[in-house]
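As the structure is a prediction and not an experimental result, all values here were calculated from the model.
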Amino acid sequence: MSFMFGRRTATVATAAALSVGALITATGSASADDTVPISVGHYVGLYNHSNTTDGKLYINGQQVSDVPPGGAIVAQCWTVGQSIGTYGDTWYRTNEVDWPDGLGWRTGLPTVYVFAGYADGNARSVNRDPNIPQC
């Protein structure tokens, strides 16, 4: 009887461990894949909508600075918006930004949009990164 109980307990423990391992792996890779480095030499503005006419993000009456090359955003999704030059019309929605100033990620920002062409040359939106769905 104790053999059956031990085997059952071991099976349940193994299944639980595998589930937790899969969850950790899935969570870790999703956030890493959603990170879009600012990599094409442009500063990226944080806009209220997927166009420049609705203006940039202001907090406490001050405009939030653009994200320079070397920074990054976490893209929640992509959407079609204003077309800029020959870079297309794709924008990423985010509320997490990393300015390369050594202070790390700023999370909990109001929802903003960044132009994908200036962020990464549309690399993740054009290739339809599965971790960045359409909004």
Any side-chain heavy-atom pair of Pro69 and Val40 under 4.5 Å
no
I need the Ser65 OG to Leu57 CG distance, nearest 0.5 Å.
10.0 Å
Asn95 versus Gln76, side-chain donor and acceptor atoms under 3.5 Å:
yes
Non-hydrogen atoms of Asn51 and Thr53 that approach each other most closely
OD1-OG1, 2.9 Å
Hey, would you say the Trp91 and Tyr113 ring centroids sit under 6.0 Å apart?
no
Just checking His42 against Tyr87, ring centres under 6.0 Å apart?
yes
Do you know the tightest heavy-atom contact between Trp99 and Pro68?
CD1-CD, 3.6 Å
Before giving the answer on side-chain contact (heavy atoms from CB on, under 4.5 Å), spell out for Gln62 and Asn60 the whole-Å C-alpha distance, their side-chain angles and the decisive distance to 0.1 Å.
CA-CA 6 Å; Gln62 289 193 299; Asn60 298 325; 5.8 Å; no
Under a 4.5 Å side-chain heavy-atom rule over Ile, Leu, Val, Met, Phe, Trp and Tyr, are Val114 and Ile59 clustered together?
yes
From Asp129 CG over to Asp34 CG, what is the distance, rounded to the nearest 0.5 angstrom?
7.0 Å
Heavy atoms of Tyr118 and Ile84 approach each other most closely as OH-CG2, 3.6 Å
For salt bridge (Lys or Arg N to Asp or Glu O under 4.0 Å), just list the numbers for Lys56 and Asp66, CA-CA rounded to whole Å, side-chain angles, deciding distance to a tenth of an Å, and then say yes or no.
CA-CA 9 Å; Lys56 291 185 176 181; Asp66 294 350; 3.0 Å; yes
Is the shortest heavy-atom distance from the side chain of Val67 to the side chain of Leu46 under 4.5 Å?
yes
Tell me whether Thr94 contacts the main-chain N or O of Val74 through its side chain, where contact means a donor paired with an acceptor under 3.5 Å.
yes
Could you walk me through whether Trp78 and Val36 pass the side-chain contact (heavy atoms from CB on, under 4.5 Å) check?
CA-CA 12 Å; Trp78 64 269; Val36 176; over 6 Å; no
Please check if Ile73 and Val80 belong to a single hydrophobic cluster, counting links between Ile, Leu, Val, Met, Phe, Trp and Tyr side chain heavy atoms closer than 4.5 Å.
yes
With a 4.5 Å heavy-atom cut-off, do Pro130 and Arg124 have their side chains touching?
no
Heavy atoms, side chains only, cut-off 4.5 Å: are Arg93 and Thr111 in contact?
yes
Is there a donor-acceptor pair under 3.5 Å between the side chain of Thr79 and the backbone N or O of Cys135?
no
Asn48 and Tyr58: side-chain donor and acceptor closer than 3.5 Å?
no
Would you say the side chains of Thr52 and Gln82 form a donor-acceptor pair under 3.5 Å?
yes
Asn122 CG to Tyr92 OH distance, which is reported to the nearest 0.5 Å
6.5 Å
Taking the side chain as every heavy atom from C-beta outward, state whether Val97 and Val44 have any pair of such atoms under 4.5 Å apart.
no
